Every structure is written in C-alpha cells, then in structure tokens.
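Report on one structure; see the data block that follows.
In this chain, numbering begins with 1 at the start of the sequence shown. Predicted, not measured: the structure shown is a model, and the values here were computed from it.
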Amino acid sequence: MLMKKKIAAVVIVALAAAGIYYRAGRGPAGRLSPMEVSGSIESVEVAVGSTEGGRVVETFVKEGDRLKTGDAIARLENAQLESAVGEAQAAVAVAEAALAALLSGYPKEDIAAARAAAEARSSQSALLEKGTRAEQITAARAEVEAAAAQSENAMLTFERQERLLESGVVSRQTADNARAAARTAEERLNAAKAMLDIALNGPREEEKAAAAGAANEAAARLRKLEKGARAEEIEQARAVVEQARAKLKTIEARAADLVVRAPSPCVVDTMDLHPGDLLAPGGQAAKLALDGDPWIDVYVPADRLSEAKPGAKARIVVDSYPGREFRGTVSRVARSAEFTPRNAQTPEGRASQVFRTRVEVSDPDRELRAGMTAVAVFSSGGDGERDGKR
C-alpha cells in the first residue's frame, strides 16, 4: 500500500511540473463526472522580414493593428538593388530595339550607301583587269573631281541639317538622311581616288586580287542588306530579349521584397522597427498572429481517452473571460502516451498514462490571445456538444 501511494504521488508531481491540470471522478451511481484538463491558448505566429535587407525608410503599422493580406508593414531602401533594376530595364530596352531593327529591315540609306560602295568597288576591279588608257586616266580624274564636289556639298548639307536639328527646325529623320548622303558621297570619293591611283600607276597582280576581293565583299554586304536579317539572327535577338526580360523580372521581384507585407489576415503582435534602422537579410521586421481559430494542447488520461476522440466536443473556460465559455472540438490525439513507465501492467500504472490531445477553439470575434490559461471540460454523458455552446 505504501508503494502504491508513492507511485501516485510521483505521477501527480510529474503532471504538475508539466503544467497539466486534470480533475475527474465518479458521481452518484458510479457515473463519471465531467473531465477537466487545462492548457494554454496557442495560435499561429509568424515572423516576417525581407530576404534582401536594407535601411528602414517607412513603417506603416503598430502593435495591435489588424492587417489584410498584402498590407504594407515597412519599406526598406537598398540603393544597390534599385540601381540593378535600372540597369536591367536599360538592357531590355537595348535588346528590344535591336530585335525591332532586324524585324523591320535595314534602313534605306544604309542600303543606298552599300550599293554605291559595291558599284565603285566593281568598277575599280574592272579597271584593274583591263589596264589603263589615257582616256581612262582623264575619266578617273573627272570622277575624282565630281566625287569631291559631291562629298563637300553633302558634308556641308549634313552640318547645316545638324545645326537646324539642334534648333528644332528639322526632324531627326532629315538629319539622318543628310548623314547617309554624306557617307555615300565619301564612299564614292574614296573609290574614285583609288581608281585614279590605279590608272596613273598601273595595276599589279596583287592589286587586282585585292580589288576583286573588295568588290565581292561589297556585293555580299549589299545582298545581305537588301535581303534583310536571317531567321537565325532574328531568333538569336529574340533570345537576348527574353533573357534580358527574365533578368529584369528577377531583380524586380527582389526589389518588391523591400516592402514587407502581411502574408494573410493577421494582427501585429510585435513591431520594433523604426525609420533609420538597418534590417539584415532575413531579419525579423515584425511578428504577426495569423487569423484562424486558436487551440489548446491538453493531456487526457488513458482511462478517459474515449471521451476525447477526434471530433468530440468540449467546453472551453478561459480565466481571462470569467463566466463565459467557448466551443472546442478535438482535432487530433497523439498516438503514444507520455508520463508513464515503458511497461505499465498495473491499474495504477495505466491510470498515469496521458495522451497529448489538441482541441480547436472557436473564436470568431478574435478575443483569445496566445498564452491565456484555459480549461477544456469534457462531459462523459455525451453532453459536450450541447454544453459547449456559448
């Protein structure tokens, strides 16, 4: 008998040390009285912050504020990340412009300049092949003089159009056309000078070969410009655009994380940030208590476990609200016992077994707070659902 008393005392001390309160007994005619088990109110709490970190610029909430999904909590400043966004935007603009140029074809003025260059190179090569005659020298000199006059006139026109563009008198297109004309005239002059030199000095075999190569190269460039970009060039340009856009999207997502937001409806539990504070990457900006019914974890003795099956109802009494009751529903029961010897064969040993049991508490008005002491009352006669109504 003395040994049994010692075992019971050890069990009571263990339960008390674990913060467990349990009271149950038998009423008249041996009927079990309601089982009462205690615990603390718990709820889901999350710490929110930024994966990037930075200096706090603004704070938008204080402790106790109720937030909706996406509400801003604080805004950070990160100059390096903001600069990266600008660079990525510029890269997208450049890539898109290059693709647009390929899709629209090469400018007409570039094609005209290439045609003039191809004709001049072809004439030069033909002259070298035929050799030089007196009339060819005379013609070459005349071509140089005409080309020089045209080039000088085209350059003067271009310079005048540039000045008018700066004054806002003409459009950029007009100035670009003048530049292209000057470039074409310069190509003609260079080719005419080369032809005159050849006519005066006479062609050599290496000069003939070089001239033929230059003529072929100029003709190939003209064909390319007239035909437009190849399909593989366009696809490559598209890939560059997509790569630039993907990089921009990634950086913009990182920049968006500089604004710390509520992940779901919640209440601000703690908020210690102030403008000027530095928040490290991954650091806590605030602790939030997410909306949703709270719960209590209680410990039910093995011999009363049938009264606390999943789905069973309970009345929840909270010290902070005397005289009021909340609804409770058992959501799960642990599969293994606690606070018991490994091999309990005696009735006293089996009575000391307890099972962690979670009771979800209905709190539509969000009155309960984490840490409040609460007692779950289970009625043995199946009255738990009726007694659990507020």
Side-chain angles (χ1 to χ4, degrees), residues 19 39-93 243-297 316 318-322 324 326-328 331 358-374 390:
S40 297
I41 296 292
E42 298 182 49
S43 61
V44 178
E45 292 186 343
V46 297
V48 294
S50 170
T51 57
E52 297 301 324
R55 186 175 299 279
V56 179
V57 179
E58 292 180 274
T59 57
F60 305 100
V61 301
K62 60 182 181 301
E63 293 181 0
D65 284 353
R66 175 164 293 283
L67 307 179
K68 303 186 296 297
T69 301
D71 281 353
I73 296 172
R75 182 170 68 87
L76 312 179
E77 183 180 59
N78 187 318
Q80 183 177 3
L81 186 56
E82 292 167 359
S83 175
V85 171
E87 292 177 359
Q89 290 173 338
V92 169
Q243 183 180 22
R245 287 175 177 171
K247 183 176 181 180
L248 173 61
K249 186 176 181 181
T250 299
I251 297 178
E252 286 179 337
R254 292 175 55 194
D257 201 44
L258 293 176
V259 179
V260 182
R261 299 183 182 277
S264 62
C266 59
V267 174
V268 180
D269 187 17
T270 59
M271 174 66 180
D272 297 326
L273 285 184
H274 303 280
D277 288 342
L278 285 175
L279 184 66
Q284 176 179 309
K287 182 178 287 185
L288 310 176
L290 302 186
D291 281 3
D293 288 336
W295 70 88
I296 60 173
D297 284 341
I316 309 300
V318 182
D319 292 350
S320 301
Y321 297 99
R324 297 178 58 186
F326 296 80
R327 293 176 182 269
S331 61
R358 176 155 296 184
V359 181
E360 306 286 347
V361 183
S362 177
D363 182 26
D365 298 328
R366 312 300 178 203
E367 298 177 285
L368 300 179
R369 299 288 183 271
M372 289 182 174
T373 302
R390 294 178 62 179

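Minimum heavy-atom separation, Glu63 to Thr270: OE2-CA, 3.4 Å. Here the closest heavy-atom approach between residue Ala255 and residue Val85 is recorded as CB-CG2, 3.9 Å. Shown here for Ser40 and Ile296, the closest heavy-atom pair between the two residues is O-CG2, 3.4 Å. Considering every non-hydrogen atom in both Ser50 and Gly53, the closest pair reads OG-N, 3.3 Å. For the residue pair Ala88 and Ile251, the shortest heavy atom distance occurs at CB-CD1, 3.9 Å. Counting all heavy atoms, side chain and backbone alike, Tyr321 lies closest to Glu367 at OH-O, 2.7 Å.
Under the 4.5 Å side-chain criterion, counting only non-hydrogen atoms from C-beta, Glu45 is in contact with Asp269. Ser43 has its side chain out of reach of Leu290: every pair of non-hydrogen atoms, C-beta onward, lies at least 4.5 Å apart. Between Thr69 and Ser264 there is a side-chain heavy-atom pair separated by less than 4.5 Å. In this structure, Arg366 and Asp293 have side chains that are in contact, with non-hydrogen atoms separated by less than 4.5 Å. Side chains of Asp272 and Gln284 form no contact here, defined as non-hydrogen atoms less than 4.5 Å apart.
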CA sep, side-chain torsions, deciding dist, call: Leu288, Val268, side-chain contact (heavy atoms from CB on, under 4.5 Å): CA-CA 5 Å; Leu288 310 176; Val268 180; 4.1 Å; yes
Asp65 vs Phe60, side-chain contact (heavy atoms from CB on, under 4.5 Å): CA-CA, chis, key distance, verdict: CA-CA 10 Å; Asp65 284 353; Phe60 305 100; over 6 Å; no
Ile316/Trp295 under side-chain contact (heavy atoms from CB on, under 4.5 Å): CA gap, chis, key distance, verdict: CA-CA 10 Å; Ile316 309 300; Trp295 70 88; over 6 Å; no
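Within 6.0 Å of the CD atom in Gln243, the count of heavy atoms belonging to other residues, nucleotides or ligands does not exceed 12.
Taking CD of Glu77 as the start and CG of Leu278 as the end, the distance is 10.5 Å to the nearest 0.5 Å. Taken to the nearest 0.5 Å, the CD atom of Glu52 stands 9.5 Å off from the CD atom of Gln80. For the atom pair NZ of Lys247 and CD of Glu87, the computed distance is 7.5 Å after rounding to the nearest 0.5 Å. Summarising the geometry, atom OG belonging to Ser331 is positioned 4.0 Å from atom CD belonging to Glu360; distances are rounded to the nearest 0.5 Å. Atom CG of Leu258 and atom CZ of Arg55 lie 13.5 Å apart (nearest 0.5 Å). The CD1 atom of Ile41 lies 11.0 Å from the CZ atom of Arg369; values are rounded to the nearest 0.5 Å.
We find that Arg254 and Asp257 are not joined by a salt bridge, their nearest charged nitrogen and carboxylate oxygen being 4.0 Å or further apart.
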